[in-house]
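Read through the structure below, which is laid out as structure tokens, and then see the notes.
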Protein chains: 2
Amino acid sequence: MGWEQDIGEADRMWRTYIEMAKHLGSHLQQHLQRECDLSAADFEVLVRLTESERREMPVAEVAVATQWEKSRLSHQLTRMAQRGLVERVDSDDRRYPDVRLTDKGYAAIDKAVPEHTELVHALFIDVLGPERLAGFAQACADVLRALDEHRERDCSL
Amino acid sequence: MGWEQDIGEADRMWRTYIEMAKHLGSHLQQHLQRECDLSAADFEVLVRLTESERREMPVAEVAVATQWEKSRLSHQLTRMAQRGLVERVDSDDRRYPDVRLTDKGYAAIDKAVPEHTELVHALFIDVLGPERLAGFAQACADVLRALDEHRERDCSL
DNA sequence: GTGGCCGGGTTGATACATCAACCTGAACAC
DNA sequence: GTGTTCAGGTTGATGTATCAACCCGGCCAC
């Protein structure tokens, strides 16, 4: 065979990235869970909802913002509604109900965002400094573009 | 010089990274699932097992390699055993059983690794090129170090 | 109007992650 | 031997992710 033994420099760097992504992600997630009793999914939904003036928006809009599948979002909203973080609201067209941030949900995200942001700065932004951060972000953007092109090619086959 | 970078800009760069990590991860995972019928977790376990000469190792060793909790690993091995990818083997000390790659498991990982590697090159390594890749990996290593220090501080409190 | 279409939402089944509780058998003390 | 300890493994409960199947209400054709 041979692929097992032949791990090149580039592959080691790939593994470094994977390690970093895994650890950074789980660290942030654990912080949110411990300090604010919010999962990463909760956090994301709540953030999207605060981006609306009225703390309320159509479910479909949340779906677009998070890029989640409709069923995942539906399950998530059910759980969050059970915990009192959001509530479902019937709108004029009964096919497309809205979701609204409750006071409890607002309190939760209001506490979580500053802490989360602080952690992101301490662990990522300030570690890299502005120059390297810009280079890093550019690299991420390039990878994203490559991903889009790859997906396009896949679909057109 | 420019250390007082606009907060909003750093924030956008952080979001770019998050987007990239999310999309790249899910793309690789979907590929594995579709083409090879393996989850990311399956893939990781199988790769670790191939790193052993005899396609067999103590469960604890897999736990160390993957850095998973013992219960997560146990559940995972149960599911993989049910699907015939691995099998549990009693060793001399019956407290610490081994896991062995089955022929089916070997065939699966033998197909998956080259395809996965190729994708990683096309979407990440070749996109960045050697120079930027090295810078990127260095940045990841620095973030990892910051994470470790942060964890230490947390524990020593 | 009535019936079919269709986009968006919900539900159920299955796989996976995480936590807590429990089991198990070797090792050690006595 | 008997009992205790303890590292390592398993199990169950709960929360989460994904897929497929279904539902539902407005819309359009006729």
Side-chain angles (χ1 to χ4, degrees), chain A residues 21-23 25-34 36-46 57-100 108, chain B residues 21-23 25-46 56-100 108:
Chain A
K22 196 168 69 177
H23 284 158
S26 71
H27 193 87
L28 288 172
Q29 196 164 333
Q30 279 171 21
H31 172 84
L32 269 180
Q33 191 71 66
R34 264 210 329 269
C36 311
D37 196 34
L38 293 176
S39 72
D42 298 334
F43 183 79
E44 170 126 24
V45 170
L46 293 178
M57 59 170 71
V59 171
E61 223 171 282
V62 183
V64 170
T66 57
Q67 308 199 74
W68 288 359
E69 302 201 359
K70 55 187 186 172
S71 109
R72 175 181 177 185
L73 182 55
S74 183
H75 284 303
Q76 180 69 32
L77 290 179
T78 300
R79 288 186 300 260
M80 291 178 74
Q82 275 168 2
R83 291 166 51 209
L85 296 172
V86 301
E87 55 190 358
R88 288 188 155 102
V89 184
D90 271 4
S91 64
D92 25 343
D93 188 334
R94 273 197 227 155
R95 286 173 299 180
Y96 314 136
D98 283 11
V99 206
R100 179 161 48 204
Chain B
K22 195 168 71 177
H23 283 139
S26 71
H27 193 87
L28 289 171
Q29 197 162 333
Q30 279 172 21
H31 172 85
L32 270 180
Q33 191 71 63
R34 270 213 228 300
E35 304 297 320
C36 310
D37 197 34
L38 292 176
S39 71
D42 298 333
F43 183 78
E44 170 127 23
V45 169
L46 293 177
E56 173 178 341
M57 60 170 71
V59 171
E61 225 170 280
V62 183
V64 170
T66 57
Q67 308 199 74
W68 289 358
E69 301 200 0
K70 55 187 185 172
S71 107
R72 174 180 177 186
L73 182 55
S74 183
H75 285 302
Q76 181 68 31
L77 291 179
T78 300
R79 286 187 299 260
M80 291 178 74
Q82 275 167 1
R83 290 166 51 208
L85 296 171
V86 301
E87 56 191 356
R88 288 186 156 103
V89 184
D90 273 3
S91 63
D92 24 342
D93 188 336
R94 273 197 229 158
R95 285 174 299 180
Y96 314 136
D98 283 12
V99 206
R100 180 161 49 205

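Order of the sequence lines fixes the chain letters, A, B, ..., with proteins taken first and strands second; residue numbering starts at 1 for each chain.
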_Those residues that, when tested against B:Arg100, pass salt bridge (Lys or Arg N to Asp or Glu O under 4.0 Å) (two or more places apart)_ = B:Glu56, B:Glu87
*Quick one: side-chain contact (heavy atoms from CB on, under 4.5 Å) partners of B:Ala21, sequence neighbours excluded?*
A:Tyr17, B:Tyr17
_Between D:dG15 (P) and A:Met80 (CE): distance, integer Å_ = 14 Å
*Who passes side-chain contact (heavy atoms from CB on, under 4.5 Å) against B:Asp90, sequence neighbours left out?*
B:Arg94, B:Pro97
*Quick one: A:Asp98 CG to C:dG9 P, roughly how many Å, whole number?*
10 Å
*Could you list the residues that satisfy salt bridge (Lys or Arg N to Asp or Glu O under 4.0 Å) with B:Lys22, not counting sequence neighbours?*
B:Glu19
*Rounding to a whole Å, what distance do you find between B:Gln29:CD and C:dA15:P?*
15 Å
*In sequence, state the C-alpha distance, the side-chain angles, and the governing distance for B:Arg79 and B:Asp42, and then conclude on salt bridge (charged side-chain N to carboxylate O under 4.0 Å, His left out).*
CA-CA 9 Å; B:Arg79 286 187 299 260; B:Asp42 298 333; over 6 Å; no
*Which residues, if any, of residues 31-42 of chain B bring a heavy atom under 4.0 Å of DNA chain D?*
none
*With sequence neighbours excluded, tell me which residues meet side-chain contact (heavy atoms from CB on, under 4.5 Å) with B:Thr66.*
B:Glu44, B:Arg48, B:Val62, B:Trp68
Under 3.5 Å, sequence neighbours excluded: what are the donor-acceptor pairs made by side chains of residues 28-38 of chain B?
unit_1, atom_1, unit_2, atom_2, d
B:His31, NE2, B:Glu115, OE1, 3.2

*Calculate the interatomic distance between A:Gln82 atom CD and D:dT16 atom P; express it in whole Å.*
10 Å
*Could you state the atom-to-atom distance from CG of A:Asp90 to C1' of C:dG8 in whole Å?*
14 Å
_By salt bridge (Lys or Arg N to Asp or Glu O under 4.0 Å) - contacts of A:Arg72 (at least two apart)_ = none
*State which residues pass salt bridge (Lys or Arg N to Asp or Glu O under 4.0 Å) with A:Asp92; sequence neighbours excluded, sorted by chain then number.*
none
*Do A:Leu77 and A:Arg88 have side-chain heavy atoms sitting under 4.5 Å apart?*
yes
*What is the distance from CE of B:Met57 to C1' of D:dG8, rounded to the nearest Å?*
17 Å
_Check the phosphate of D:dC24 against A:Arg94, side-chain N and O only, distance under 4.0 Å to OP1 or OP2. Yes or no?_
no
*Between A:Val59 and A:Lys70, is a side chain to side chain contact (heavy atoms under 4.5 Å, CB included) present by the stated rule, with each step listed?*
CA-CA 9 Å; A:Val59 171; A:Lys70 55 187 186 172; over 6 Å; no
*Tell me which residues in residues 58-75 of chain A put a heavy atom below 4.0 Å from DNA chain C, sorted by number, or none.*
A:Val59, A:Ala60, A:Lys70, A:Ser71, A:Ser74, A:His75
Dump the pairs, protein N or O against N or O of nucleotides 3-6 of chain D, anything under 3.5 Å, distances to one decimal.
none

*Starting from C1' on D:dC23, measure out to OH on A:Tyr96 and report it in whole angstrom.*
13 Å
*In whole Å, what is the span from the CG atom of A:Leu77 to the P atom of D:dT16?*
12 Å
